[in-house]
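Structure record follows, encoded as structure tokens.
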Amino acid sequence: MQEKIIIIDGNSLINRAFYGLPPLTTKDGIYTNAVYGFVNMLYKIYEDYRPQYISVAFDRKAPTFRHVEYEAYKAGRKRMPEELGQQLPILKELLDVMNIHRMEIDGFEADDLIGTLVRYCEEKNLESLVVTGDRDALQLASDKTRILITKKGMTDLEIYTPDSIIERYEVTPSQFIDLKGLMGDPSDNIPGVPGVGEKTAIKLLKQFGSIEKMIQNTKEIQNQKLREKIESNIEQAIFSKRLATIKTDVPIELSLEALKRESPNQEKLMEVFRRLEFHSFIQKMKTNEETTELDTDMTKIQTIENLEDVSDMAEAIERAAHCYIKIFGTGENVRNRKIVGISILIDDGHSYYLEFEKIGQSLDVLKAIFENENILKSGHNIKNEILLLQKYGISLTGVDFDTSIAVYLLEPTRTSYEIHEIYNTYLGKNMNSEETLIGKGKNRITFLDIDRDMLVKYGHQVCTAVKELKKILAVELENLELKKLFQEVEIPLIKVLADMEYEGFRVDHQMLSSLGKELNGKIEQLVSEIYDMAGEQFNINSTKQLGDILFEKLKLPAIKKTKTGYSTNIEVLEKLSKKHPIIAKIIEYRQYVKLKSTYIDGLIDVINEKTKKIHSSFNQTVTATGRISSTEPNLQNIPIRLELGREIRKVFIPTDDNYLLLDADYSQIELRVLAHISQDPGLMEAFEKEQDVHTMTASKVFDVPFDQVTSQQRSSAKAVNFGIVYGISDFGLAENLGITKKEAQKYIDEYFDKYRGVKSYMNQAVEEGKKNGYVTTILNRRRYIPELLSSNYNIRSFGERTAMNTPIQGSAADIIKVAMLRVYDELKRRNLRSKLILQVHDELIVEIHQEEIEEVKQIVKKEMEEAIQLTVPLKVDIHLGKSWYDTK
DNA sequence: TCTGTCACG
DNA sequence: ACGTACGTGACAGAC
């Protein structure tokens, strides 16, 4: 069999990985994205190519012979950013642990080492694959050596053979050097022949074959000017060619023995992966092993199928006074979901699986356990359990711990809180994902269709994971002083959110349909008008096609570009609106289509047939700041700003005639929070005296008396206040107000001069973030901001704005969460029929019973305003109406 | 699956 | 010299 070797340009590949991936860091803020990308790529190539030998070459910092010969070589190259630099030693350590050969020598670049190794391997009759992001390596291609070039994003690969090089570039591998000698290379500062570009160089090489032959026959060059250029740059061309030539005779000792692929040091590799928090690789290693630690012993799990067994289990749970639960349901809408099975684990090791279909007659026994507040329950994403039980009239009580929420408080910026992910992270295990059981996307099946033994095992694994995680997470929460927030806010809030989901928001299906028909008529009309004006039919929804029509066909000026083409967003369109009547039509079309697709069709799709309501999901572990998010549908972005869209709110109505809707919103909660945190006297005064805060800001920033502020000035000041909350920048404010950066800076300076306390808060927030690595909110919610330490201006600036904004947005989130708990509890305590049904960041929507109007209005106002005592008052405005639209 | 756009606070 | 406002989710089209 033909033996193979992979030769990797380490510097080039880690570079590609670094710029191709988002700035991943460990919890401690160590950058790991480039190493991660590198290892990913390594595994992929390894698996595809299965080589017997491997080596990775690196550049050294020391000057190479090229620098010695030519001082300007690679001059002007940017230094490697610190975030990447610190990853190099990590990568090298990792390669050593993996027992992968690596080479680096003072005075030579990785390319030269690769060139030398390639020729050596050709002699030894090995087939080589050179892996690099640098096209210079194409000169090394031969019938035994292929070159794999990684393009952007790392997943895009191109493999070159001599033939494909000729096909693509019209030169042979060895002519590649001549090509560069002629064209030069600005990135390496190689001069080449001035005025000769790729086209000319290729033509010349086709004619002569090489630079040397061309020099001997310059008189054959037809083009007079070109000939002169070349004749006066002969030395430079030869010199450039030499710089571009990869050396193949570096004095380095090579032996096949050293290059041989060996198996990695498993233990150490695992340790490094753990340190770097590369959980997917850990999982990969483990699944490659023959047995897994989690292979559950079925004999330890008792399957329960009759009343007697349920009672025995109930007794055991009662004695333990604590259990871990995982309930499997069918994957439908909240109100249609059914329970398939229930896994329960007790600390003494007893593990049960209840076959739900067979214990239907034992629900009372279960209910007694689940509703007993003295029996504590722990789980993962336990809102799911609450909702499933709710359907059977069981109200899960005594919720003690939710591992997903615990991890959310510890790491609010994680992308996944799936149980297997966090179990594997925190305990270095190799649990499989739920996805491996039921698949994803169109292949997804329900737990009903799964082999029962698999469910039994998986349920036991989840409960075990929760049990083990709880021990660790509880300590961590305690250490970071997050226990109070966890126990007193987030855990009780689960039930509130579950109830909101279960209750749902009634909508008028008919009204939605007729609104849809109306919109359809308008859309059809607009489409034909747009086609007429464009002179052809095209897909108006396609930004690409629209861009072609507007900027190519109609020759309108392109104002902004995106990375894929012309920008056609609303700002651009508004600027073009006077240039062509089609623009206004497109703006109108967009508005209607948005309403139709997202808010008419989208909402109709999710109306529950039985309840005639929309049951959105409220997620507690999504946002980085502590806010709640709403999905399927998102009820937190129903239109309001424009009248046309606002009409949608007319379809949101109370359950029946006995109810009205109450909408209670905090007035200026974020600015009040800012006043509280910063203790700025001016800002505090505005709220203490209940003055209009934007007018006040205008009066200060524009230096006019309060009662002489124009509406124009007030509106500018409002933008300034928004900017302050977002972590202001002159550019952002300028963009928003359509003024120059300089003017914007003037506003900002003026603002900070008048609100010194706010200014010092901003500085303090950034300082604190840099010092601690995180910032906090009023309730000590925490967000890590590794971006603050970045050497990249943009990333660092983003970190600074985050440090300023998160305590404000996050504290506001804390306040409304507490308010939700208080309102919910008070309505319960008084046995009222009114119910909290929605939260939209600074507003609560309550379905209010006709007989409870005054009482509930008072409760909501009081509990919201007194949720958390700040040094400025909180103010809540309340509106009632027969639809959400009417609560204004 | 990613990108652009646009709806909300 | 750099190129941004903070936090979300849904939809359609391009790839």
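Numbered from 1 within each chain, the chains take letters A, B, ... in sequence-line order.
- Of the side-chain N and O atoms in T625(A), none sit less than 4.0 angstrom from OP1 or OP2 of dG7(C).
- We find that D548(A) and K553(A) are not joined by a salt bridge, their nearest charged nitrogen and carboxylate oxygen being 4.0 Å or further apart.
- The side chain of T543(A) lies closest to dT5(B), out of dA7(B), dT5(B), dC2(C).
- When heavy atoms are screened at a 4.0 angstrom cut-off, D601(A) is found touching no nucleic acid atom at all.
- Picking from dG9(B), dA7(B), dC6(C) the nucleotide with the shortest atom distance to the side chain of E843(A) gives dG9(B).
- Of the candidates dG13(C), dC6(B), dA5(C), the closest approach to any side-chain atom of Y726(A) belongs to dA5(C).
- Counting only distance, with no hydrogens or angles, the side chain of T806(A) and the backbone of A803(A) share no donor-acceptor pair below 3.5 Å.
- Within the nucleic acid shown, I728(A) comes within 4.0 Å of at least one base atom, counting heavy atoms only.
- The nucleotide whose nearest atom lies closest to any side-chain atom of N637(A) is, among dG4(B), dG13(C), dA7(B), dA7(B).
- For the pair I640(A) CD1 and dA7(B) P, the interatomic distance rounds to 14 Å; values are reported in whole Å.
- If you check dC8(B), dC6(B), dC6(C) against the side chain of N805(A), the one that comes closest is dC6(C).
- Residue L595(A) is classed as having no contact, given no heavy-atom separation below 4.0 Å to the nucleic acid.
- Using a 4.0 Å heavy-atom cutoff across all strands shown, K741(A) reaches at least one base atom of the nucleic acid.
- Under 4.0 angstrom from either OP1 or OP2 of dC6(B) there lies at least one side-chain N or O belonging to R590(A).
- Following rounding to the nearest Å, I816(A) (CD1) and dG7(C) (P) show an atom-to-atom distance of 19 Å.
- The side chain of S567(A) places an N or O atom within less than 4.0 Å of a non-bridging phosphate oxygen (OP1 or OP2) of dT5(B).
- Ring geometry, H694(A) versus F722(A): the interplanar angle falls under 30°, so the pair is classed parallel (tilted spans 30 to 60°).
- Using a 30° and 60° split on the angle between ring planes, Y784(A) and Y774(A) fall in the perpendicular class, above 60°.
- Separation of atoms OH (Y408(A)) and CD (E490(A)) is listed at 6.5 Å; rounding is to 0.5 Å.
- The base of dC8(B) is not paired with the side chain of Q636(A) by any donor and acceptor separated by under 3.5 Å.
- Among dT4(C), dG9(C), dC11(C), the nucleotide with an atom closest to any side-chain atom of S597(A) is dC11(C).
- In this structure, CD of E787(A) is placed 14 Å from C1' of dT4(C), rounded to the nearest angstrom.
- No contact: E735(A) has no heavy atom under 4.0 Å from any strand.
- Note on A734(A): nothing from the nucleic acid sits closer than 4.0 angstrom, heavy atoms only.
- Checked for salt-bridge contact, R506(A) and E847(A) miss the test: no charged N lies under 4.0 Å from a carboxylate O.
- Within the nucleic acid shown, V840(A) comes within 4.0 Å of sugar-phosphate atoms alone, with no base atom in reach, counting heavy atoms only.
- Residues K575(A) and E571(A) are not paired through a salt bridge, judged by the lack of any N-O separation under 4.0 Å between the basic side chain and the carboxylate.
- The separation of dA7(B) from dG3(C), taken at their P atoms, amounts to 29 Å, rounded to a whole angstrom.
- Side-chain N/O atoms of S797(A) include none lying less than 4.0 angstrom from OP1 or OP2 on dT4(C).
- E82(A) and Y31(A) share no donor-acceptor pair across their side chains, judged by distance under 3.5 Å alone.
- Nucleic acid contact class of A624(A) (heavy atoms, under 4.0 Å, all strands): sugar-phosphate only.
- Under the Watson-Crick and G-U wobble criteria, each requiring two contacts below 3.5 Å, nucleotide dC2(C) is left unpaired.
- Using atom C1' as the reference point in both dC6(B) and dC2(C), the two lie 29 Å apart (nearest Å).
- With no hydrogens or angles considered, no side-chain donor-acceptor pair links S790(A) and E787(A) at under 3.5 Å.
- Contacts of E632(A) with the nucleic acid, taken as non-hydrogen atoms under 4.0 Å apart, involve only primed sugar atoms and P, OP1 or OP2.
- N541(A) comes within contact range of the sugar-phosphate backbone alone, with a heavy-atom separation under 4.0 Å but no base atom that close.
- Residue contacts for V593(A): at a heavy-atom cut-off of 4.0 Å it reaches no nucleic acid atom on any strand shown.
- Among the atoms of the strands shown, none is found under 4.0 Å from any heavy atom of R646(A).
- When Watson-Crick and G-U wobble pairs are counted only if both distances are under 3.5 Å, dA12(C) pairs with dT3(B).
- Picking from dT5(B), dT4(C), dG7(C) the nucleotide with the shortest atom distance to the side chain of D730(A) gives dT4(C).
- In this structure, N634(A) does not reach the dC8(B) phosphate: none of its side-chain N or O atoms is under 4.0 Å from OP1 or OP2.
- Between T568(A) and dT5(B) there is a side-chain polar atom (N or O) within less than 4.0 angstrom of OP1 or OP2.
- In terms of polar N and O atoms assigned as donor or acceptor, the side chain of Y793(A) comes within less than 3.5 Å of the base of dG3(C) in a complementary pairing.
- Residue R641(A) is classed as a base contact, given a heavy-atom separation below 4.0 Å to a base.
- Considering only side-chain atoms of T564(A), the nucleotide from dT3(B), dC8(B), dT5(B) that sits closest is dT3(B).
- Following rounding to the nearest Å, L546(A) (CG) and dG13(C) (C1') show an atom-to-atom distance of 12 Å.
- Note on G602(A): only backbone sugar-phosphate atoms sit closer than 4.0 angstrom, heavy atoms only; bases stay farther off.
- The OH atom of Y589(A) sits 15 Å away from the P atom of dT5(B) (whole-angstrom rounding).
- Between the side chain of R801(A) and the base of dG7(C) there is no donor-acceptor pair of N/O atoms closer than 3.5 Å.
- Separating the CG atom of L671(A) from the C1' atom of dC6(C) is a distance of 13 Å, rounded to the nearest angstrom.
- Heavy-atom distances to DNA chain C give each of D605(A) and H841(A) a nearest nucleotide, and the one nearer the 5′ end belongs to H841(A).
- For the pair L644(A) CG and dC6(B) C1', the interatomic distance rounds to 14 Å; values are reported in whole Å.
- Rounding to whole angstrom units, CD1 of residue I748(A) and P of dA5(C) are separated by 14 Å.
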